[in-house]
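Below: the structure, in structure tokens.
The structure presented is a predicted model; accordingly, all values stated were derived computationally and were not measured. The residues of the chain are indexed from 1 along the displayed sequence.
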Amino acid sequence: MREVSRRGILGLGMGAAASLAVAGCSSGSGSGTPKPAKTTQAKPIGDGSTSHGERRKEAPKPERLERGQKPPQFVVFSWDGAGEVGNGLFPRFRKLAEDHGAIMTFFLSGIYCLPESKKSLYRPPNNPVGASDIGYLTDEHIKATLRNVREAWLEGHEIGTHFNGHFCSGSGSVENWTSAQWKSEIDQAMSFVTEWRTNTRFTDVDPLPFDYHKELIGGRTPCLKGQTNLLPTARELGWRYDASSPGGLQVWPSKKQGIWDFPLQQIPFPGHSFEVLSMDYNILANQSKNSTNAPPANYPGWRKQAAEAYIAGFKRAYETNRAPFFIGNHFEEWNGGIYMDAVEEALKHMADEKHKDVRLVSFKQLTDWLDAQDPAVLAELSGLGVGQAWSANGG
């Protein structure tokens, strides 16, 4: 397990009593996960790190709501960093998604495709050459990450970005980066993903089956910092959404600078009067005070509390305004892996057949749906507050 201190965690107040909440780094429907179509027509792009021609079953086109039609309940499970470091969590949650008809978003850290022996290629803004507040992966873990990212995309999941070095504190923090520096960071992440074959010299790994310049339409910044200066660059690059805001409410999303803003959200925290951010590390921080290896006697209760928090957030949206629900995760075994177990329990609850109108989708799919809607209908939905019931008469 990697040390949490390497993630440069930021403390974020989440209401009057939630001073411990912090932001960590790091078509979906019940009909089943799309299966990739077999093809031998893959054509390499550039050095062969990526390719095009391998097809996956595309999600159905978004349906346009009619006035007075109740919206589906969208839920987006997303993963920061998205590296497979030998703990089996990446394939575990790909399998869970397949079993329950879920499509997810994986925010890939670019340096997870770059060998540490080549770290001098990374020139992070306001930091020394090759520096990173998250560790470089071993060659075997890079291979495992590439294989899982490849299969995830073929299974219908989205590959976004978590950028590179995850700098959250000091003068080199992403919070202080200019728009031009964000452009440099993104360009480098793009190069690490699209030129991994040149940098690694691996010959036993298949190419990533997508054109990343077309695939990449959004990301999440380290520690949810720096969005203000990122957005002008994201807009210039044609990105359609950003998931970097902290402390959002469970209301329908809006746009910032022309880009859909998908914040992590404040959700009920069982046993407390304050709410907690909808991310695994934020729940951990309120339970074990930033320790990722607390006394095991606490684990059963904390696991139950974490699962119940996610389910309470889901229930509040599902039974009232139907605001899309966003959950952030990391492939980590913090506190004995209880947060992985909790998010699995929550996903299974949401995917239960009694929830016929729930859609477990990627951020890209949600963006497609929002862009297909009548602005007047979205305006009515946006007028609903947290916990305010939807009605056919516009709330």
Distance, nearest 0.5 Å, that separates [atom1] of [X] from [atom2] of [Y]:
{"X": "Phe77", "Y": "Glu344", "atom1": "CZ", "atom2": "CD", "value": "10.5 Å"}
{"X": "Asp139", "Y": "Arg201", "atom1": "CG", "atom2": "CZ", "value": "13.5 Å"}
{"X": "Ser51", "Y": "Arg150", "atom1": "OG", "atom2": "CZ", "value": "6.5 Å"}
{"X": "Leu230", "Y": "Gln257", "atom1": "CG", "atom2": "CD", "value": "9.0 Å"}
{"X": "Ile159", "Y": "Ile217", "atom1": "CD1", "atom2": "CD1", "value": "12.0 Å"}
{"X": "Phe202", "Y": "Leu146", "atom1": "CZ", "atom2": "CG", "value": "7.0 Å"}

Taking the side chain as C-beta and beyond, is there a heavy-atom pair between [X] and [Y] under 4.5 Å?
{"X": "Phe90", "Y": "Val149", "value": "yes"}
{"X": "Glu185", "Y": "Asn164", "value": "yes"}
{"X": "Asp280", "Y": "Glu332", "value": "no"}
{"X": "Asp374", "Y": "Leu65", "value": "no"}
{"X": "Ile267", "Y": "Phe326", "value": "no"}
{"X": "Phe363", "Y": "Trp260", "value": "no"}
{"X": "Leu154", "Y": "Pro209", "value": "yes"}
{"X": "Arg64", "Y": "Val377", "value": "no"}

Hey, is the main chain of [Y] close enough, under 3.5 Å, to the side chain of [X] for a donor-acceptor pair?
{"X": "Tyr339", "Y": "Ala307", "answer": "no"}
{"X": "Gln373", "Y": "Trp369", "answer": "yes"}
{"X": "Gln188", "Y": "Arg123", "answer": "yes"}
{"X": "Ser173", "Y": "Asn176", "answer": "no"}
{"X": "Asn127", "Y": "Ser132", "answer": "no"}
{"X": "Asn321", "Y": "Trp390", "answer": "no"}
{"X": "Ser278", "Y": "Ile327", "answer": "no"}
{"X": "Thr145", "Y": "Tyr112", "answer": "no"}
{"X": "Thr178", "Y": "Gln181", "answer": "yes"}
{"X": "Glu275", "Y": "Gln265", "answer": "no"}

Inset, instruction - Determine the sole option in Leu114, Leu208, Ile142 for which the side chain to side chain contact (heavy atoms under 4.5 Å, CB included) test with Trp196 is passed. - result: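 Result for side chain to side chain contact (heavy atoms under 4.5 Å, CB included) with Trp196: Leu208.
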Inset, instruction - Please lay out, stage by stage, how Asp211 and Thr50 fare under the test side chain to side chain contact (heavy atoms under 4.5 Å, CB included). - result: CA-CA 6 Å; Asp211 183 340; Thr50 56; 5.9 Å; no
Inset, instruction - Name all residues meeting the salt bridge (Lys or Arg N to Asp or Glu O under 4.0 Å) criterion together with Asp187; count only those two or more places apart in sequence or in a different chain, and write none if there are none. - result: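 Result, salt bridge (Lys or Arg N to Asp or Glu O under 4.0 Å) vs Asp187: Lys183.
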Legend entry - By salt bridge (Lys or Arg N to Asp or Glu O under 4.0 Å) - contacts of Lys95 (at least two apart):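 Lys95 satisfies salt bridge (Lys or Arg N to Asp or Glu O under 4.0 Å) with Asp99 once adjacent residues are dropped.
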Inset, instruction - Take atom NZ of Lys118 as the centre, draw a 6.0 Å sphere, and report whether it contains more than 12 heavy atoms from other residues, nucleotides or ligands. - result: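 Result for NZ/Lys118: enclosed.
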Parallel, tilted or perpendicular, as decided by the 30° and 60° cut-offs, for the rings of [Y] and [X]:
{"X": "Tyr122", "Y": "Phe192", "answer": "perpendicular"}
{"X": "Trp153", "Y": "Phe210", "answer": "tilted"}
{"X": "Trp302", "Y": "Tyr299", "answer": "tilted"}
{"X": "Trp334", "Y": "Tyr281", "answer": "perpendicular"}

Legend entry - Linked hydrophobic residues, Leu231 as query - side chain contacts closer than 4.5 Å: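 Under the 4.5 Å side-chain rule, Leu231 groups with Ile259.
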Inset, instruction - State yes or no: are the ring centers of Phe314 and His355 separated by less than 6.0 Å? - result: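 Between His355 and Phe314, which both carry aromatic rings, the centre distance is below 6.0 Å.
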Legend entry - Listed partners of Asp47 passing side chain to side chain contact (heavy atoms under 4.5 Å, CB included), at least two apart: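 For Asp47 the side chain to side chain contact (heavy atoms under 4.5 Å, CB included) partners, ignoring immediate neighbours, are Ser49, Glu195, Arg197, Thr198.
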Legend entry - side chain to side chain donor-acceptor pair (under 3.5 Å) partners of residues 236-254, not counting sequence neighbours, each pair once: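 Listed once each, the pairs are Glu158-Tyr241, Thr221-Ser244, Gln227-Asp242, Gln227-Ser245, Arg240-Asp368, Arg240-Asp371, Asp242-Ser244, Ser245-Lys256, Ser245-Asp261, Gln250-Arg316.
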[X] with [Y], same ILVMFWY side-chain cluster at under 4.5 Å:
{"X": "Phe325", "Y": "Leu96", "answer": "yes"}
{"X": "Ile45", "Y": "Leu237", "answer": "no"}
{"X": "Val251", "Y": "Val276", "answer": "no"}
{"X": "Val205", "Y": "Tyr136", "answer": "yes"}

Side-chain donor-acceptor distances from residues 66-76 under 3.5 Å, at least two apart:
unit_1 : atom_1 : unit_2 : atom_2 : d
Arg67  : NE     : Glu380 : OE2    : 3.3
Arg67  : NH2    : Glu380 : OE2    : 2.5
Gln69  : OE1    : Glu66  : N      : 2.9
Gln73  : OE1    : Tyr318 : N      : 3.2
Gln73  : NE2    : Ala323 : O      : 2.9

If you look at every heavy atom in [X] and [Y], which pair is closest and at what distance?
{"X": "Thr194", "Y": "Met190", "result": "OG1-O, 2.7 Å"}
{"X": "Ala389", "Y": "Leu384", "result": "O-CD2, 3.9 Å"}
{"X": "His157", "Y": "Ala102", "result": "CE1-O, 3.5 Å"}
{"X": "Leu277", "Y": "Leu264", "result": "CD1-O, 3.7 Å"}
{"X": "Glu84", "Y": "Asn87", "result": "OE2-N, 3.2 Å"}
{"X": "Lys289", "Y": "Asn286", "result": "NZ-O, 3.8 Å"}

Legend entry - Qualifying residue, where the test is salt bridge (Lys or Arg N to Asp or Glu O under 4.0 Å) with Asp341 and the options are Lys304, Lys348, Arg92: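 One option only clears the test, and that one is Arg92.
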Legend entry - Derivation of the side chain to side chain contact (heavy atoms under 4.5 Å, CB included) call for Asp204 and Lys143: CA-CA 9 Å; Asp204 57 345; Lys143 290 180 180 181; 3.0 Å; yes
Legend entry - Flag for Gln287-Asn298: side-chain donor and acceptor within less than 3.5 Å: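 On atom types as modelled, these side chains do not qualify, holding no pair under 3.5 Å.
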Inset, instruction - Show your working on side chain to side chain contact (heavy atoms under 4.5 Å, CB included) between Leu347 and Met104 and close with a plain yes or no. - result: CA-CA 11 Å; Leu347 186 149; Met104 300 178 176; 3.5 Å; yes
Inset, instruction - Could you give me the CA-CA distance, side-chain angles and deciding distance for His272 and Gln305, then say whether side chain to side chain contact (heavy atoms under 4.5 Å, CB included) is met? - result: CA-CA 10 Å; His272 297 280; Gln305 185 182 49; 3.6 Å; yes
